[in-house]
S.K.: 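Got a structure here, written out as structure tokens. Questions coming.
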Amino acid sequence: MSDTSYAASVAALQQQFAALPPGAPVRLGKKTSNLFRTRADTGAPRLDVGAFSGVLSVDVAARTADVLGMTTYEDLVDALLPHGLMPLVVPQLKTITLGGAVTGLGIESSSFRSGTPHESVVEMDVLTGDGRVVTCSRDVEPELFFGFPNSYGTLGYALRLRIELEPVQPYVHLRHVRCTSVEDAVAEMSAACAPGSGVDFVDGTWFSTSEVYVTLGTFTDDAPTLSDYTGMQVYYRSIQRKKQDWLTVRDYLWRWDTDWFWCSRALKVQDTRVRRWVPKKYLRSSTYWKLIDLEKRYRFKTRWDLRKGLPPREDVVQDVEVPIDRLVEFMDVFAREVPVEPVWFCPLRQRDADAVWELYRLDPDVLYVNVGFWSSVALEPGEADGTHNRLVEQLVDDLGGRKSLYSTSFYDREHFWRLYNGPVYEVLKKTYDPDGRLLDLYDKCVGGK
Ligand SMILES: Cc1cc2nc3c(=O)[nH]c(=O)nc-3n(C[C@H](O)[C@H](O)[C@H](O)COP(=O)(O)OP(=O)(O)OC[C@H]3O[C@@H](n4cnc5c(N)ncnc54)[C@H](O)[C@@H]3O)c2cc1C
């Protein structure tokens, strides 16, 4: 898309917005989503943003790209790798979009050195709730720029983002370091994330209290052998079997997508008798999402389980940030109270110590570990749905952590706004969405709207 056709798409979108009944709520009309919380279908008009997918330009010398907001990371990576470049942080699921990751937070194994995707945005155009298109950066309309991350589309929609890029090498050499406790894993991750360690990527996989792996990835120009986890082989199982491994950079970036980390297990796709019949192109998180969506809508499995007399289950799907020196405490309670395995660890540090990301403040001096768990837990008699999610929410609070808002949350309004900077949000909302055409962040993330 050229600059002129981008301008024409923006004008057409503004006309679409203006044609909505005055005061009517607005929602984003997007084909894919990676949100887990259930939303009520309010019948509100949806803005068709189909034109905002694609890479406008790549400046190889400056190492930046102008990218449309609804571009999936899969398309973005495919457009950048031929230039020997990639975004600083590439979230693991192929259909996560750049705009979604910037407004809703993203993380990956480069986050210990590059922070979150919003930290490598140079400037962006946002269609705000009052129908304007505002270009913002650290220097121009900085209130919107620094208030946009964690606003989940409640201030406006990112249409174009200029992002920083980094050079890649063709392969990633992986070392899976086995640790026999979370304490050991903390020591291993701390060392790998220290300046000068020479490591490019760090994440971890917790299988049990005595079996944890820290995976250290380093760019390399040569690979003595290459593995392929896009077909019969399952990446997370290889972590337990191999001490080291080599992947192409593209396969490394998508290593978790083929089996949606390990969540494809629940859909029986890891059973070789099933897997061998599934065409490779369907082994991807977006396929599993469609199946989960069907289950959420029709509840086939839930009804089947009930008929068989099995207990009801609670979905426990969350990503939380815990300061690394509280990770042992977190996992002690988690292992006791939430029977879910494996669990993903991903260290994260704010990239620019001086920046203040108003709605999701992290302590720039602290190395956090993102703990990801995506499963369901059988409820004991008398346990209400939400028991385990509430426990985790409280625990994260007690340990000085932070919780992403893409899944279920239970905070009361007052507590929520204390955590996510209510006073600043109120000013932002009045400035960019004075008529409340977009949802309020609390109503959206906790109220299920
Ligand atoms: C099981 C599971 C595992 C996950 N694991 C990871 C992980 O490991 N790493 C990671 O980084 N993330 C992870 N996520 C979270 C995911 O990155 C966020 O939910 C992200 O916001 C999804 O982006 P999306 O593009 O799919 O947006 P959507 O799901 O379509 O939308 C998410 C929210 O952002 C808003 N939005 C979307 N696009 C824009 C835009 N252009 N401008 C403004 N607002 C917009 C929408 O209104 C919505 O409120 C996980 C989610 C799930 C369910």
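Note that ligands are numbered from 1 as they come in the structure, with each ligand's atoms numbered from 1 the same way. Every heavy atom of this structure was used, including side-chain atoms; hydrogens, water molecules and symmetry mates were not.
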S.K.: Counting only heavy atoms not in E426 (residues, nucleotides, ligands), do more than 12 fall under 6.0 Å from its CD?
M.R.: no
S.K.: Of L68, L47, T71, which is the lone residue that meets side chain to side chain contact (heavy atoms under 4.5 Å, CB included) with F52?
M.R.: L68
S.K.: Would you say V317 has any N or O atom under 3.5 Å from an N or O of ligand 1, going by distance alone?
M.R.: no
S.K.: Between E119 (side chain) and R351 (backbone), is there a donor-acceptor pair under 3.5 Å?
M.R.: yes
S.K.: Checking R175 against D245 for the salt bridge (charged side-chain N to carboxylate O under 4.0 Å, His left out) test, could you report, in this order, the C-alpha distance in whole Å, the side-chain angles of both residues, the deciding distance, and whether it holds?
M.R.: CA-CA 7 Å; R175 281 174 294 140; D245 210 346; over 6 Å; no
S.K.: Numbering the atoms of ligand 1 from 1, which are under 4.0 Å from a heavy atom of W289?
M.R.: 53 (C)
S.K.: With a 4.5 Å heavy-atom cut-off, do W374 and F261 have their side chains touching?
M.R.: yes
S.K.: At a 4.0 Å threshold, what atoms of ligand 1 neighbour a non-hydrogen atom of W344?
M.R.: 8 (O)
S.K.: Looking only at heavy atoms, is any part of I107 under 4.0 Å from ligand 1, and if so is it the side chain, the backbone, or both, or is it neither?
M.R.: both
S.K.: Which part of W256 is near ligand 1, with near meaning a heavy atom under 4.0 Å away: side chain, backbone, both or neither?
M.R.: neither
S.K.: Just to check, does S151 reach to within less than 4.0 Å of ligand 1 when the distance is taken from its heavy atoms?
M.R.: no
S.K.: Between E329 and R326, is there a side-chain N and carboxylate O pair less than 4.0 Å apart?
M.R.: yes
S.K.: Which of the atoms of ligand 1 are close to G153, meaning less than 4.0 Å from one of its heavy atoms?
M.R.: 43 (C), 44 (N)
S.K.: Is there a polar contact, in the sense of an N or O pair closer than 3.5 Å, between Y152 and ligand 1?
M.R.: yes
S.K.: Could you list the atoms of ligand 1 found under 4.0 angstrom from a heavy atom of L105?
M.R.: 17 (O)
S.K.: Taking the non-hydrogen atoms of Y288, is any one of them nearer than 4.0 angstrom to ligand 1?
M.R.: no
S.K.: What closest approach, in Å, do Y288 and W260 show between heavy atoms, and which atom pair accounts for it?
M.R.: CB-CE3, 3.4 Å
S.K.: So, is W374 polar-close to ligand 1, with some N/O to N/O distance under 3.5 Å?
M.R.: no
S.K.: Check the side chains of S109 and D203 for a donor-acceptor pair under 3.5 angstrom, ignoring hydrogens and angles.
M.R.: no
S.K.: Which of the atoms in ligand 1, numbered in the order shown and given with their element, are less than 4.0 Å from a heavy-atom of A158?
M.R.: 40 (C), 41 (N), 42 (N), 43 (C)
S.K.: Which of the numbered atoms in ligand 1 are under 4.0 angstrom from any heavy atom belonging to K444?
M.R.: 47 (O), 49 (O)
S.K.: Return yes if some donor-acceptor pair links the side-chain N/O of Q350 with the main-chain N/O of A355 below 3.5 Å, else return no.
M.R.: yes
S.K.: Is the backbone N or O of W262 less than 3.5 Å from a side-chain atom of D259, with the two atoms forming a donor-acceptor pair by type?
M.R.: no
S.K.: Please identify which atoms of ligand 1 are closer than 4.0 Å to at least one heavy atom of Q92.
M.R.: 6 (C), 7 (C), 8 (O), 9 (N), 10 (C)
S.K.: Is M70 touching ligand 1 with its side chain, its backbone, both, or neither, if touching means heavy atoms under 4.0 Å apart?
M.R.: side chain
S.K.: Counting heavy atoms only, which part of L28 comes closer than 4.0 Å to ligand 1: side chain, backbone, both or neither?
M.R.: side chain
S.K.: Closer than 4.0 Å to some heavy atom of G104 - which atoms of ligand 1 meet that?
M.R.: 21 (O)
S.K.: Heavy-atom count around Y282 OH within 6.0 Å, excluding the residue itself: above 12?
M.R.: no
S.K.: Going by heavy atoms, is F148 under 4.0 Å from ligand 1?
M.R.: yes
S.K.: Contact between ligand 1 and F261 is defined here as a heavy atom of the residue under 4.0 Å from a ligand atom; is it met?
M.R.: yes
S.K.: Yes or no: does R27 have any heavy atom under 4.0 Å from an atom of ligand 1?
M.R.: no
S.K.: Which of these, T154, D433, L155, T128, sits in a side chain to side chain contact (heavy atoms under 4.5 Å, CB included) with L428?
M.R.: L155
S.K.: Check step by step if salt bridge (charged side-chain N to carboxylate O under 4.0 Å, His left out) holds for R413 and D443.
M.R.: CA-CA 9 Å; R413 208 175 272 274; D443 291 340; 3.0 Å; yes
S.K.: For atom 43 (C) of ligand 1, which candidate among G372, G156, S407, G99 holds the nearest heavy atom?
M.R.: G156
